[in-house]
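We count residues from 1, following the sequence as given.
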Amino acid sequence: MTVSHEAPAVPDAPAPLEPTTLEAAGELLRALAAPVRIAVVMQLRVSPRCVHELVDTLGVTQPLISQHLRVLKAAGVVRGERRGREVVYRLVDDHLAHIVIDAVEHVQEDA
């Protein structure tokens with residue numbers, strides 16, 4: 001009887017990512033990590049909103065919403081478009097909403 005000393009087959013592992021890619025992904029996840037920012041993303045996935053709509057819907061003060069929007073904007077999660085005296089915020093793309101939705105659904109499954 002012959003015994004094989006070959007290592008077992010390992011499924012194809014993804015190629016290592018560049019450190020800059022990993023850093024950018026970490027920054028994005030940090031930007032999404034606050035409960036208020038998660039709530040903002042959940043609102044914006046439905047439709048673009050201005051600050052006062054987010055304040056009314058989420059029951060958070062205007063300065064706090066504005067602060068969280070600044071973080072999301074700096075991370076490239078949202079963008080604002082001026083319409084007269086108001087700025088309407090929208091998600092940059094749906095990928096970001098999916099990250100948040102998946103996290104929320106995962107937590108709800110365990111509840």
Can you get from [X] to [Y] by hopping between Ile, Leu, Val, Met, Phe, Trp and Tyr side chains that sit under 4.5 Å apart?
X	Y	result
Val87	Leu69	yes
Leu44	Val36	yes
Val88	Leu54	no
Leu58	Met42	yes
Val77	Leu29	yes

| query | Any side-chain donor-acceptor pair under 3.5 Å between Ser66 and Gln62? | reply | yes
| message | Tell me if a side-chain donor or acceptor on Thr21 pairs with a main-chain N or O of Leu17 at a distance below 3.5 Å. | response | no
| query | Can Glu81 and Arg79 be counted as an ion pair, charged N to O under 4.0 angstrom? | reply | no
| query | With a 4.0 Å cut-off, would you call Glu23 and Arg30 a salt bridge? | reply | yes
Under 3.5 Å donor-acceptor pairs involving side-chain atoms of residues 89-107, not counting sequence neighbours:
unit_1	atom_1	unit_2	atom_2	d
Asp93	OD1	His95	N	3.0
Asp93	OD1	Leu96	N	3.4

| Euclidean distance, Ile65 CD1 relative to His52 NE2, rounded to 0.5 Å | 12.5 Å
Give the minimum heavy-atom separation between [X] and [Y], together with the two atoms involved.
X	Y	result
Ile38	Leu32	CG1-O, 3.2 Å
Cys50	Glu86	SG-OE1, 3.6 Å
Ala34	His68	CB-CE1, 4.1 Å
Leu72	Ala31	CD2-O, 3.7 Å

